[in-house]
Asks: 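Supplied in structure tokens, the structure appears directly below.
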Number of protein chains: 2
Amino acid sequence: MPSHAHSHKKVIDLEAKSIELLKANGLSVTAPRKMILSLLLKEHGPFSAEEIFKKLPKYSCDQATVYRCLNQFVETQLVNTAYLEKELAHFEFNDPQHHHHHIICKLCKKIDSFHDCILDKIETNLLKKGYKDIQHRLEFFGVCETCQKA
Amino acid sequence: MPSHAHSHKKVIDLEAKSIELLKANGLSVTAPRKMILSLLLKEHGPFSAEEIFKKLPKYSCDQATVYRCLNQFVETQLVNTAYLEKELAHFEFNDPQHHHHHIICKLCKKIDSFHDCILDKIETNLLKKGYKDIQHRLEFFGVCETCQKA
DNA sequence: ATTACTTTGCAAGTAGTTTGCAAAAATATT
DNA sequence: AATATTTTTGCAAACTACTTGCAAAGTAAT
């Protein structure tokens, strides 16, 4: 089988998978949503909204639509957000089988990811990887008792 | 000793402590810096820049100065930041003896803090505290090998 | 006290993101 | 399949949190 046939098959798969995911999450199936979700399925990220917009085929949708779609994906938990640089959201497909976290270089802003999930061990591993001057941010989000009642 | 004398003493202490901390971190001692740092020493936070500005005595300084001072405090690690709501930084005094993390209610945005620092245990404890639908964000920051060389 | 350097207030600017609204597309109903 | 209903989109304008340029004021060093 020639490779272009194979890659075409993959695109179809991504589109099919996107449609399935959209429906499963109660979102209607539109061209921009399919494109954005396919992109996030194909490339791992995390990407900023602007990066995603630029990666889409030209004129495939407006930047406002990218933001709207991403927010809907976050609401339905199809997508996770990371806030790695001040004031700049990064988005990536939420694959529970590949739970991971990120490290960003304070200087060049390159983002790397890792799969450890216990703090001391993580920091030791990052030191072994050559990172220096490590800090972290850990934040939890939930619904408090008061809001559960209301 | 009457209580107002006691509280006056405390204010003096905070001012003295602020001056000491500013000098120790190579920052010149100005009225806005003293006021902002004293506030962060007195109240635990985390507070947004706007909250801090509103807590300061009227006309004590400009909002731009609050941002500038807070950024300097973060650079010198006098202050830590948390990004709990999208696009809104929160600041609090960095007290290494009281390392902690935050949980914010997804609905009412009330911020609570806790001192556990191992993920599974934290989540169990938060569930015991009555929070539901818990998610977390854990991000690391460091200087990568490439940037160390450059 | 004088000089050199730093910080501040003000107003304008910027980046990232959101929103109102009419047109277009998607889904539901017949 | 055609129509009605609901949802989504593009566009432009608005918005929020934050930053910046510059002259005036304050701080620190001599």
Side-chain angles (χ1 to χ4, degrees), chain A residues 15 18-38 45-76 78-79 81-91 104 109 111, chain B residues 15 18-38 45-76 78-79 81-91 104 109 111:
Chain A
E15 169 144 3
S18 300
I19 293 172
E20 184 193 320
L21 283 168
L22 289 171
K23 285 184 178 164
N25 286 275
L27 297 169
S28 54
V29 179
T30 69
R33 287 189 197 166
K34 272 190 293 187
M35 306 217 72
I36 295 167
L37 192 49
S38 294
F47 303 119
S48 68
E50 202 196 357
E51 284 170 332
I52 290 167
F53 179 65
K54 285 184 178 159
K55 277 170 183 286
L56 294 173
K58 271 226 148 106
Y59 312 118
S60 55
C61 76
D62 191 86
Q63 197 150 351
T65 302
V66 173
Y67 280 104
R68 277 189 279 231
C69 290
L70 288 171
N71 286 343
Q72 289 149 352
F73 295 169
V74 171
E75 274 162 37
T76 56
L78 268 169
V79 160
T81 42
Y83 288 85
L84 292 149
E85 297 182 61
K86 231 191 256 191
E87 293 183 79
L88 183 55
H90 282 81
F91 302 84
I104 182 168
K109 312 292 178 190
I111 297 167
Chain B
E15 169 144 3
S18 300
I19 294 172
E20 185 193 321
L21 284 168
L22 289 171
K23 286 184 177 165
N25 286 276
L27 297 169
S28 55
V29 179
T30 68
R33 292 208 257 232
K34 271 190 293 185
M35 304 216 76
I36 296 167
L37 192 50
S38 293
F47 302 118
S48 68
E50 203 197 354
E51 284 170 330
I52 290 168
F53 179 65
K54 285 185 178 158
K55 278 172 182 284
L56 293 173
K58 271 228 151 101
Y59 312 120
S60 53
C61 76
D62 192 86
Q63 197 150 354
T65 301
V66 173
Y67 280 104
R68 278 191 279 231
C69 290
L70 288 171
N71 285 345
Q72 289 149 353
F73 295 169
V74 171
E75 274 161 38
T76 56
L78 267 168
V79 159
T81 42
Y83 288 85
L84 292 149
E85 296 182 62
K86 234 190 253 192
E87 292 183 80
L88 184 55
H90 283 81
F91 301 85
I104 182 167
K109 310 294 179 190
I111 297 167

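Every chain is numbered from 1 and lettered A, B, ... according to where its sequence line falls, protein lines coming before strand lines.
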Asks: Check whether any side-chain N or O of A:Arg33 sits under 3.5 Å from a backbone N or O of A:Ser28 as a donor-acceptor pair, and report yes or no.
Replies: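 Indeed, once roles are kept as given, a pair shorter than 3.5 Å links the two residues.
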Asks: Could you please name the option among C:dT8, D:dT27, D:dT7 that lies closest to any side-chain atom of B:Thr65?
Replies: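 Among C:dT8, D:dT27, D:dT7, the one nearest the side chain of B:Thr65 is C:dT8.
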Asks: On DNA chain C, does the nearest nucleotide to A:Arg68 precede the nearest nucleotide to A:Ser48 from the 5' side, or the other way round? Give the residue.
Replies: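 Between the two, 5'-proximity favours A:Ser48.
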Asks: B:Thr30 has a side chain; which of C:dT19, C:dT8, C:dA26 sits nearest to it?
Replies: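 Given the options C:dT19, C:dT8, C:dA26, the side chain of B:Thr30 is closest to C:dT8.
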Asks: If I take atom CD in residue A:Gln72 and atom C1' in nucleotide C:dT17, what distance separates them, rounded to the nearest angstrom?
Replies: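 Going from CD in A:Gln72 over to C1' in C:dT17 covers 14 Å.
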Asks: Which of these nucleotides, D:dT19, C:dG16, C:dT8, is closest to any side-chain atom of A:Leu88?
Replies: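 Shortest atom-to-atom distance from the side chain points to C:dG16.
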Asks: Does a nitrogen or oxygen in the side chain of B:Asn71 sit under 4.0 Å from OP1 or OP2 of D:dT19?
Replies: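 Result: yes.
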Asks: To the nearest Å, give me how far apart CZ (A:Phe47) and P (C:dG16) are.
Replies: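 Atom CZ in A:Phe47 sits about 17 Å away from atom P in C:dG16.
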Asks: Kindly indicate, with the supporting measurements, whether the criterion side-chain contact (heavy atoms from CB on, under 4.5 Å) is fulfilled by A:Leu56 and A:Val66.
Replies: CA-CA 10 Å; A:Leu56 294 173; A:Val66 173; 4.0 Å; yes
Asks: Starting from P on D:dG10, measure out to NZ on A:Lys58 and report it in whole angstrom.
Replies: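 Atom-to-atom, A:Lys58 to D:dG10, this comes out as 16 Å.
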Asks: Taking NZ from B:Lys23 and C1' from C:dT6, how many angstroms apart are they, rounded to a whole number?
Replies: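 Result: 16 Å.
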Asks: Got a second to check how far A:Ile36's CD1 is from A:Ser60's OG, nearest 0.5 Å?
Replies: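 If we round to the nearest 0.5 Å, A:Ile36:CD1 and A:Ser60:OG are 7.5 Å apart.
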Asks: Just verifying a value: how many Å separate B:Phe53 CZ and B:Lys58 NZ, rounded to the nearest 0.5 Å?
Replies: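 That separation rounds to 9.0 Å.
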Asks: Determine: side-chain N/O of B:Tyr67 to OP1/OP2 of D:dT19, distance under 4.0 Å, yes or no.
Replies: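 False: B:Tyr67 side-chain N/O out of range (4.0 Å or more) of D:dT19 OP1/OP2.
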Asks: Nearest-Å distance, CD (A:Glu51) to P (C:dG16)?
Replies: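 One finds 10 Å between P of C:dG16 and CD of A:Glu51, rounded.
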Asks: What's the closest nucleotide to the A:Ala64 side chain, out of C:dT17, D:dT7, C:dT19?
Replies: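 Nearest listed nucleotide: C:dT19.
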Asks: Tell me whether the side-chain N or O atoms of B:Arg33 pair up with the base of D:dG26 as donor and acceptor below 3.5 Å, since no angle test is needed here.
Replies: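 By the distance-only test, no, there is no pair.
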Asks: Can you tell me which nucleotide in C:dT8, C:dT17, C:dC10 comes closest to the side chain of B:Pro32?
Replies: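 The nucleotide sitting nearest to the side chain is C:dT8.
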Asks: Between atom NZ in B:Lys109 and atom P in D:dT16, what is the gap in whole Å?
Replies: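 My rounded result for the distance is 16 Å.
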Asks: Just how far, in rounded Å, is P of D:dC11 from OH of A:Tyr59?
Replies: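 My rounded result for the distance is 10 Å.
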Asks: Send over the distance from B:Asp62 CG to D:dA17 C1', rounded to a whole Å.
Replies: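 Between C1' of D:dA17 and CG of B:Asp62: 14 Å.
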Asks: Looking at B:Lys54, I'd like to know if its NZ atom is crowded, meaning that more than 12 non-hydrogen atoms belonging to other residues, nucleotides or ligands lie closer than 6.0 Å.
Replies: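 Not buried by this count: 12 neighbours or fewer within 6.0 Å.
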